[in-house]
Amino acid sequence: AYAACSEIGVDAAVIVKAMQSFPGLAHRQNIVATIAGVAYINDSKATNDQAAAQALRTFSPVYWIAGGKAKTGGITSLVSYFPKIAKAYLIGAAAEEFAATLEYAESLAFGQHIAATKPNAKIGILMQNDDFGKDFHKGILEGLGDKSKNVVLLTYETTDPTIDSQMVSLKASGADT
């Protein structure tokens with residue numbers, strides 16, 4: 001905006017004053033309140049991943065309310081911004097899909113961290129035997145890359161009264177991480 005106005009001869013001071021008084025677009029990164037140093041921002045027009053990326057790029061940490069109806073591609077393109085999200089509150093029809101994406105990204109990062117910091121580790125994984133556990137396992141293996149051959153995997157059912165036997169087996173396997 002500054003460049004366009006300057007090009008047609010508008011005085012710099014006038015441009016700056018106009019830009020400083022611009023309230024922004026309705027429902028796009030509008031600060032609605034600041035309480036105890038925490039800014040509450042209405043970005044309800046961020047209804048797709050590209051729009052949400054703008055807000056996630058701008059603020060940190062983010063307590064993110066996301067949901068509604070998922071668009072094509074969901075939120076997978078936002079993975080690089082997930083570390084800025086302190087807490088996600090997922091609502092609406094997209095909540096389950098968004099939760100799966102966030103959980104996968106977390107396990108991928110966890111696997112990458114182990115591969116980088118403990119390259120010779122023998123990794124023990126106790127996996128919940130359901131979709132959540134399988135997605136978590138998949139992310140860790142992808143994050144580990146070629147280190148994934150050093151994984152001992154055991155499962156448990158959420159109805160199991162204890163996981164004692166699995167813990168004994170993991171210890172006996174020589175897993176150290």
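As the structure is a prediction and not an experimental result, all values here were calculated from the model. Each residue takes its place number in the sequence, starting with 1.
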For the hydrophobic clusters of this structure (ILVMFWY residues joined by side-chain heavy atoms under 4.5 Å, transitively), does one cluster hold both [X] and [Y]?
X	Y	answer
Leu141	Met127	yes
Phe136	Leu153	yes
Val151	Ile140	yes

Worked check of side chain to side chain contact (heavy atoms under 4.5 Å, CB included) between Tyr156 and Asn129: CA-CA 6 Å; Tyr156 71 93; Asn129 191 21; over 6 Å; no
In this structure, CG of Asn42 is separated from CD1 of Ile65 (nearest 0.5 Å) by 9.5 Å
Between the OG atom in Ser148 and the NE2 atom in His137, the distance rounded to the nearest 0.5 Å is 8.5 Å
Heavy-atom side-chain proximity of [X] to [Y] below 4.5 angstrom:
X	Y	result
Met167	Thr162	no
Tyr40	Thr34	no
Gln128	Thr158	yes
Ile41	Val32	no
Trp64	Ile75	yes
Leu144	Phe110	no

Mark yes or no for whether [X], through its side chain, and [Y], through its backbone, hold a donor-acceptor pair below 3.5 Å.
X	Y	result
Gln166	Thr155	yes
Ser169	Ser165	yes
Thr58	Gln54	yes
Asp160	Ile163	no

Check this for me: [X], atom [atom1], are more than 12 non-hydrogen atoms of other residues, nucleotides or ligands nearer than 6.0 Å?
X	atom1	value
Glu106	CD	no
Glu157	CD	yes
Asp131	CG	no
Lys149	NZ	yes
Lys71	NZ	yes

Shortest non-hydrogen pair, Ala51 vs Asp43, comes out as O-OD2, 4.2 Å
In short, Ile15 meets Ser6 closest at the heavy-atom pair CD1-N, 3.6 Å
Those residues at least two apart in sequence (or on a different chain) that pass side chain to side chain donor-acceptor pair (under 3.5 Å) with Asn150 are none
Checking Glu103 against Phe132 for the side chain to side chain contact (heavy atoms under 4.5 Å, CB included) test, could you report, in this order, the C-alpha distance in whole Å, the side-chain angles of both residues, the deciding distance, and whether it holds? CA-CA 8 Å; Glu103 290 160 358; Phe132 170 78; 3.1 Å; yes
Check step by step if side chain to side chain contact (heavy atoms under 4.5 Å, CB included) holds for Val62 and Tyr81.
CA-CA 10 Å; Val62 174; Tyr81 300 110; over 6 Å; no
Tabulate below the donor-acceptor pairs under 3.5 Å that side-chain atoms of residues 112-125 make, not counting sequence neighbours, or state none.
residue	atom	partner	partner atom	Å
Thr117	OG1	His113	O	2.8
Lys122	NZ	Ser173	O	2.6

Contacts table for residues 82-99: side-chain donor-acceptor under 3.5 angstrom, sequence neighbours left out:
residue	atom	partner	partner atom	Å
Lys84	NZ	Leu56	O	2.9
Lys84	NZ	Arg57	O	2.8
Lys84	NZ	Phe59	O	3.3

